[in-house]
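So the structure is just underneath, and the comments pick up after that.
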Amino acid sequence: MTPAQRAFERLQAWPDLSPGPASCGTGRALCSVRDEIVHFHSDRDVDLHLTHRAIQRFQYDLGASTAIRLVPGSRWVTVHLDCDADVDLLLSLVSIALKAHQSRPPADLAPGPPGPTALSAPPAPPGCNFHRVTVLPRAAAGEA
């Protein structure tokens, strides 16, 4: 069983998530009542839908992880699952995403500083990062 399959099986048992097709057209998704939360694109690559505020809050931690790829302006982060620790990281981040989406203020619908200016900021690119990111294996990424 691949890391993505293990993560999907564990997450689909959560009462706040239900399975369905990914809106990007590739793979499966797990959705909350309000939003798509996670897309499983391959045996190792997953896109996780966070809010702008959550990404800002955890920006340095996310950027320091070799399993995470951030795309500027996107509210989705790409998680590359190589091992059980990456699956555990994904589960923790899904928990954060669920909480963030449940309490998401209207100002978090667009990127930018919280408050009235966020409502006039250009919208984030629609959809997940699948068509915007190429994830390299960690060994190859370290050699570049």
Side-chain angles (χ1 to χ4, degrees), residues 1-19 22-24 26-119 121-144:
M1 183 179 295
T2 68
Q5 289 170 327
R6 284 194 307 274
F8 188 88
E9 283 189 7
R10 289 174 67 183
L11 287 168
Q12 76 175 354
W14 290 18
D16 292 339
L17 294 173
S18 58
S23 62
C24 66
T26 303
R28 300 181 293 174
L30 290 171
C31 308
S32 71
V33 173
R34 290 179 70 174
D35 298 291
E36 287 183 88
I37 300 298
V38 62
H39 287 184
F40 290 82
H41 296 298
S42 70
D43 290 341
R44 298 196 179 277
D45 296 318
V46 175
D47 279 340
L48 175 68
H49 190 193
L50 291 170
T51 61
H52 178 68
R53 183 177 290 189
I55 290 173
Q56 280 186 318
R57 181 173 180 195
F58 297 106
Q59 178 178 342
Y60 297 109
D61 297 311
L62 294 170
S65 172
T66 59
I68 304 287
R69 295 291 175 262
L70 298 172
V71 174
S74 177
R75 290 185 306 261
W76 292 77
V77 298
T78 301
V79 183
H80 187 74
L81 304 173
D82 271 336
C83 59
D84 289 338
D86 296 338
V87 172
D88 292 339
L89 172 63
L90 175 64
L91 270 61
S92 296
L93 291 173
V94 169
S95 181
I96 290 169
L98 284 169
K99 183 170 176 53
H101 281 276
Q102 289 169 354
S103 61
R104 179 184 68 212
D108 203 6
L109 295 174
T117 58
L119 295 174
C128 69
N129 294 337
F130 181 70
H131 298 289
R132 294 189 290 253
V133 171
T134 300
V135 178
L136 299 173
R138 289 184 199 175
E143 294 169 4

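- Salt bridge status for Arg44 with Asp86: absent, with no side-chain N to carboxylate O gap under 4.0 Å.
- Taking both residues in full, the closest heavy atoms of Ala97 and Ile37 are given as CB-CG2, 4.0 Å, listed atom of the first, atom of the second, then distance.
- Within the 4.5 Å cutoff, the side chain of Arg10 has heavy atoms near those of the Asp88 side chain.
- Asp16 has no carboxylate O lying under 4.0 Å from a charged side-chain N of Lys99, or vice versa, which leaves the two without a salt bridge.
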### Query
Can Trp14 and Val94 be said to form a side-chain contact (heavy atoms from CB on, under 4.5 Å), step by step?
CA-CA 10 Å; Trp14 290 18; Val94 169; 3.7 Å; yes
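- Contact between Ala29 and Ala22 at its shortest, heavy atoms only, is CB-CA, 3.7 Å.
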### Task
Report the C-alpha separation of Leu62 and Leu50 in whole Å, then their side-chain angles, then the decisive distance to 0.1 Å, and conclude whether the side-chain contact (heavy atoms from CB on, under 4.5 Å) test is met.
CA-CA 12 Å; Leu62 294 170; Leu50 291 170; 4.2 Å; yes
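- Across Glu36 and His49, no two heavy atoms sit closer than the pair O-ND1, 2.9 Å.
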#### Entry: side-chain contact (heavy atoms from CB on, under 4.5 Å) assessment of Asp82 paired with Thr66
CA-CA 10 Å; Asp82 271 336; Thr66 59; over 6 Å; no
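- How far CG of Leu91 is from CG of Leu11: 4.5 Å, rounded to the nearest 0.5 Å.
- Atoms CZ and OG1, on Arg75 and Thr51 in that order, are 8.5 Å from each other to the nearest 0.5 Å.
- For the pair Val38 and Val79, the minimum side-chain heavy-atom distance is 4.5 Å or more.
- Closest heavy-atom contact between Leu81 and Ala4: CD1-CA, 3.7 Å.
- With a 4.5 Å cut-off on side-chain heavy atoms, Thr2 and Phe40 do not count as touching.
- The minimum heavy-atom distance between Met1 and Arg6, with the atom names listed, is O-NH1, 3.0 Å.
- Taken to the nearest 0.5 Å, the CD atom of Gln102 stands 10.0 Å off from the CG atom of Asp35.
- With hydrogens and angles disregarded, a donor-acceptor distance shorter than 3.5 Å links the side chain of His41 to the backbone of Thr26.
- Atom NE2 in His39 sits 9.5 Å away from atom CG in Leu30 (nearest 0.5 Å).
- Residue Ile55 comes nearest to Ser74 through the heavy atom pair CD1-O, 3.4 Å, listed as atom of the first residue, atom of the second, then distance.
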### Task
Apply side-chain contact (heavy atoms from CB on, under 4.5 Å) to Gln12 and Leu17, showing your working.
CA-CA 6 Å; Gln12 76 175 354; Leu17 294 173; over 6 Å; no
